[in-house]
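Scope of the values below: all heavy atoms of this structure, side chains included, with no hydrogens, waters or symmetry mates. The chains referred to below are lettered A, B, ... by the order of the sequence lines, with proteins before strands, and numbering in each begins at 1.
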Amino acid sequence: MSGLQPPRGTHDLIGDTMRRHHHVVETARSVLETYGFEEWSTPIFEDTRVFSRTLGETSDVVSKEMYTFEDRGGESITLRPENTASICRALVTNGLTQSLPQKAFYHGPMFRYERPQKGRYRQFHQIGAELLGAEGPLRDAEVITMAYDILKALGLSEHVVLELNTLGDVASRQAWREALVAYFRQHADALSEESRVRLEVNPLRILDSKSEQDRALLADAPAFADYLNDESRKFWDDLRSYLTAFGVEFVENPRIVRGLDYYSHTAFEFVTTKLGAQGTVLAGGRYEGLVEQMGGPAIPAIGWAGGIERLALLLEETPSVAAGIAIVPMGDEAVLKGASIVRSLREAGLRAEIETRGNMKKRMERIVKSGASHAVVLGDEELARGVVQLRNLGTREQQEVAISDLVQALKGA
RNA sequence: GCGGAUGUAGCUCAGUCGGUAGAGCGCCGGUUUGUGGUACCGGUUGUCGCGGGUUCGAUCCCCGUCAUUCGCCCCA
C-alpha cells in the first residue's frame with residue numbers, strides 16, 4: 001500500500017460509485033433531450049473575474065471557497081466553483097446572444113475549498129441546465145418541471161420536496177432588503193453573533209438562520225410580500241399557476257434566499273431529509289443580469305444545478321451492468337477457436353468474454369458470479385464437429401449449436 | 001474556519017491491563033478436459049493511517065499530523 005492518497009475532499013469514481021454517477025447523468029440526459037436541451041462543455045478553469053464579479057464578492061463561495069491561482073503568464077485563474085457564470089460567458093463569447101433562446105445543459109466537476117462531509121466534496125460533480133432567453137414565468141415553470149421529471153426518472157420523486165420562493169425583481173428586493181437591515185439593526189443586540197456578521201455581509205441569510213434567538217426576531221420582521229411590486233407579484237402568481245398546470249407540487253418557503261447574488265424572481269430547491277445537513281439536492285433560480293455582466297445584452301435566464309454525488313447517494317439501487325456471454329474453451333486447440341468466436345460475438349455487438357483460467361467448475365462459478373447470461377462450452381469433441389454447447393445460465397437449459405449459427409442463436413435469445 | 005467521534009488484511013471486525021497480530025467473508029490453486037453461487041483439501045493477505053516521544057520493548061500510553069465521519073458555517 002502506498003502512502004499516497006487522493007487530496008482531501010476528492011474521491012475516485014470506480015465500480016458501483018461510477019455506475020451510479022453515470023446513471024444519474026444518462027437519466028438526466030434523456031429527459032433534457034426531450035426538452036430540447038443540448039450539451040455544452042466549458043473550460044474547468046476560467047479567468048477569475050468570470051466568478052468574482054458575478055457570484056457576489058461577499059458570498060462565501062467567492063470570499064473563501066475558490067481555488068484561485070496565478071498561471072505562468074501571470075493571469076488569475078480559478079477552477080470553476082459552479083458553471084452558470086461560465087455558460088453565460090460562453091453565450092457571449094460565441095455570439096449566441098443573437099439566436100435565442102439557447103437551451104444548454106452540462107455536467108462535470110466543480111471545485112470549492114470546503115470542509116468535506118457526506119455528500120459534500122472539494123471536487124464534486126454537478127449536472128445543470130440553463131435556458132438563456134427565458135421570456136417569462138412559463139419558462140421558469142418549464143425548467144423546474146424538467147428538473148422534477150429528472151428526479152422522477154431517477155426514482156427520487158418520493159424522497160424529495162420542491163421548495164419555492166420569489167426574490168422579486170431588483171427594485172422589490174432592494175426595498176425589502178433595506179427594510180430588513182433597518183429592522184435587524186434596531187434589534188442587533190438580540191441577534192446571534194453569526195447573524196450580526198450576516199447583517200453586514202448578506203442580511204437575507206439571517207432569514208435562514210437555525211439559531212433560536214434569530215428565529216424569535218423573524219416573526220416581526222418585514223415580510224417580503226409587502227414589498228413586492230405589481231410586476232413581481234404577477235410574475236410570482238403566474239409561476240405558481242404554470243407549475244400547477246404542469247402538475248408539479250411545491251411548498252412555498254420564504255426562507256429560500258440562495259447563496260449567490262445573481263438570482264431574481266424565482267428561487268427553488270429540491271430537498272431531502274436523507275443526507276444530514278446536505279439536504280439540497282438540486283437548486284436554481286432565475287437570473288437577469290448575468291449575461292450583461294459578461295459583456296452581452298441583458299438576457300433573462302432560468303437554470304439549476306444538481307449535485308451528482310448527492311443524487312447518486314439517494315438512488316435505491318446500483319444499476320447493473322449488462323449481462324454478457326462467456327466462452328469456455330477446454331484445451332489449447334479450443335482456445336484458438338474460442339478467440340475467433342469471441343471476436344465474432346463482439347463484432348455482432350454482443351458483450352463477450354473468454355474464460356480460460358482454472359478447472360471447469362471454477363470457471364462456471366466465476367461466470368455465474370459475473371452475471372453472464374450464457375456460457376459457450378467448447379472442448380475437443382465439439383471442435384471436431386464444429387459445434388458448441390450453448391448453456392442458458394438462467395434456465396440451465398443447454399443445447400448444441402453449430403459454430404456458424406452461434407451469433408444468430410444468441411441474438412435471438 | 002470551529003467542535004465531537006473514528007482509523008488493525010481487499011471487506012466487516014476482534015485483540016494485546018505494553019512482549020513485533022487473529023476470525024469470518026473474499027481472493028488463488030487443487031479434488032475435476034466437461035458444467036452453477038452453499039462440498040472437501042491447501043494457500044494468500046498486514047510498514048496495526050503517518051511522524052515523533054516515553055520504555056529494555058509501543059499496534060496498545062503521550063504529543064503532533066493526515067484521512068474519514070457527524071454537527072456548525074455555507075452550499076449541490
Side-chain angles (χ1 to χ4, degrees), chain A residues 1-11 15 24 55 58-65 81-84 107 109-128 147 160 192-195 197-198 201-202 205 208-211 256-260 269-272 275-284 304-314 326 328-335 355-372 374-383 388-398:
Chain A
M1 198 192 293
S2 147
L4 293 178
Q5 292 177 320
R8 172 167 236 198
T10 68
H11 57 152
V24 169
L55 306 186
T58 57
S59 70
D60 273 40
V61 168
V62 169
S63 60
K64 58 186 197 199
E65 294 176 1
E82 57 109 45
N83 209 204
T84 301
H107 66 94
M110 308 293 160
F111 305 85
R112 292 181 196 173
Y113 192 86
E114 291 187 280
R115 184 83 175 254
Q117 278 179 51
K118 177 191 269 186
R120 161 186 294 184
Y121 306 95
R122 288 185 173 179
Q123 176 177 336
F124 63 106
H125 296 78
Q126 287 188 327
I127 183 158
V160 135
S192 69
E193 205 172 312
E194 281 155 354
S195 285
V197 175
R198 292 188 181 107
V201 170
N202 190 351
R205 273 275 153 209
D208 210 9
S209 173
K210 287 167 188 162
S211 147
I256 294 179
V257 292
R258 313 287 310 125
L260 309 177
E269 298 183 358
F270 285 89
V271 298
T272 176
L275 293 179
Q278 285 71 243
T280 302
V281 122
L282 184 153
W304 50 256
I308 297 177
E309 283 85 355
R310 292 184 186 177
L311 292 167
L313 281 170
L314 289 180
V328 188
M330 304 305 290
D332 294 344
E333 286 286 307
V335 172
E355 179 62 68
T356 59
R357 222 183 45 204
N359 61 39
M360 178 164 276
K361 182 181 169 77
K362 287 279 153 65
R363 293 194 204 184
M364 291 300 289
E365 284 174 1
R366 260 199 304 272
I367 289 164
V368 169
K369 195 179 282 184
S370 78
H374 294 81
V376 173
V377 179
L378 177 63
D380 291 338
E381 192 199 328
E382 286 84 5
L383 209 50
V388 295
Q389 302 299 328
L390 175 59
R391 186 173 180 84
N392 181 319
L393 297 170
T395 64
R396 297 183 178 231
E397 283 166 9
Q398 187 162 317

| Does A:Y113 have A:R122 sitting over its ring (NZ/CZ under 6.0 Å from centre, angle to axis within 45°)? |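 That pair qualifies as a cation-pi contact.
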
| field | Of A:Y113 and A:E382, the one whose closest RNA chain B nucleotide lies more 5' | value |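 This one resolves to A:Y113.
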
| field | Listed partners of A:E333 passing salt bridge (charged side-chain N to carboxylate O under 4.0 Å, His left out), at least two apart | value |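 Expected list: none.
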
Using the [atom1] atom in both, what is the distance from [N] to [M], to the nearest Å?
N      : M      : atom1 : result
B:rU32 : B:rG42 : C1'   : 16 Å
B:rG1  : B:rC17 : P     : 39 Å
B:rU68 : B:rU59 : P     : 25 Å

| said: Is it the case that the side chains of A:E309 and A:H11 hold a donor-acceptor pair, with the cut-off being a distance below 3.5 Å and no angle test? | reply: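 There is such a pair between these side chains.
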
| task | Answer with yes or no whether the side chains of A:T280 and A:E269 bring together a donor and an acceptor at under 3.5 Å. | result |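 Yes, a side-chain donor-acceptor pair sits under 3.5 Å.
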
| query | Hey, does the side chain of A:R112 come within less than 4.0 Å of B:rC75's phosphate (OP1/OP2), counting only N and O? | reply |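 Indeed not, no polar side-chain atom of A:R112 lies that close.
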
| task | Report yes if at least one side-chain N or O of A:K361 is closer than 4.0 Å to OP1 or OP2 of B:rG37; otherwise report no. | result |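 So the side-chain polar atoms of A:K361 do come within 4.0 Å of the phosphate oxygens OP1 or OP2 of B:rG37, strictly under.
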
| Proximity to the side chain of A:V377 - top-ranked nucleotide from B:rG34, B:rU38, B:rC75 |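 Of all the options, the side chain of A:V377 is nearest to B:rG34.
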
| Among B:rC75, B:rC27, B:rG3, the nucleotide that comes nearest once only the side chain of A:K369 is considered |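 Of the options given, the side chain of A:K369 lies nearest B:rC27.
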
| message | Under 4.0 Å between a side-chain nitrogen and a carboxylate oxygen: does that hold for A:E365 and A:K361? | response |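 Salt bridge between A:E365 and A:K361, a charged N being under 4.0 Å from a carboxylate O: yes.
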
| Could you give the CZ-to-C1' distance, from A:R122 to B:rC75, as a whole number of Å? |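 Taking atom C1' of B:rC75 as the reference, CZ of A:R122 is at 14 Å.
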
| query | For A:Q117 and B:rG4, what is the distance between atoms CD and P respectively, to the nearest whole Å? | reply |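 So the CD-P distance, A:Q117 to B:rG4, works out to 15 Å.
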
Show the distances under 3.5 angstrom between N or O atoms of the protein and N or O atoms of nucleotides 28-30 of chain B.
unit_1 : atom_1 : unit_2 : atom_2 : d
B:rC28 : OP1    : A:R357 : NH2    : 2.8
B:rG29 : OP1    : A:R357 : NE     : 3.2
B:rG30 : N7     : A:K362 : NZ     : 2.9
B:rG30 : O6     : A:K362 : NZ     : 3.1

| task | Check step by step if salt bridge (Lys or Arg N to Asp or Glu O under 4.0 Å) holds for A:E355 and A:R366. | result | CA-CA 9 Å; A:E355 179 62 68; A:R366 260 199 304 272; 3.2 Å; yes

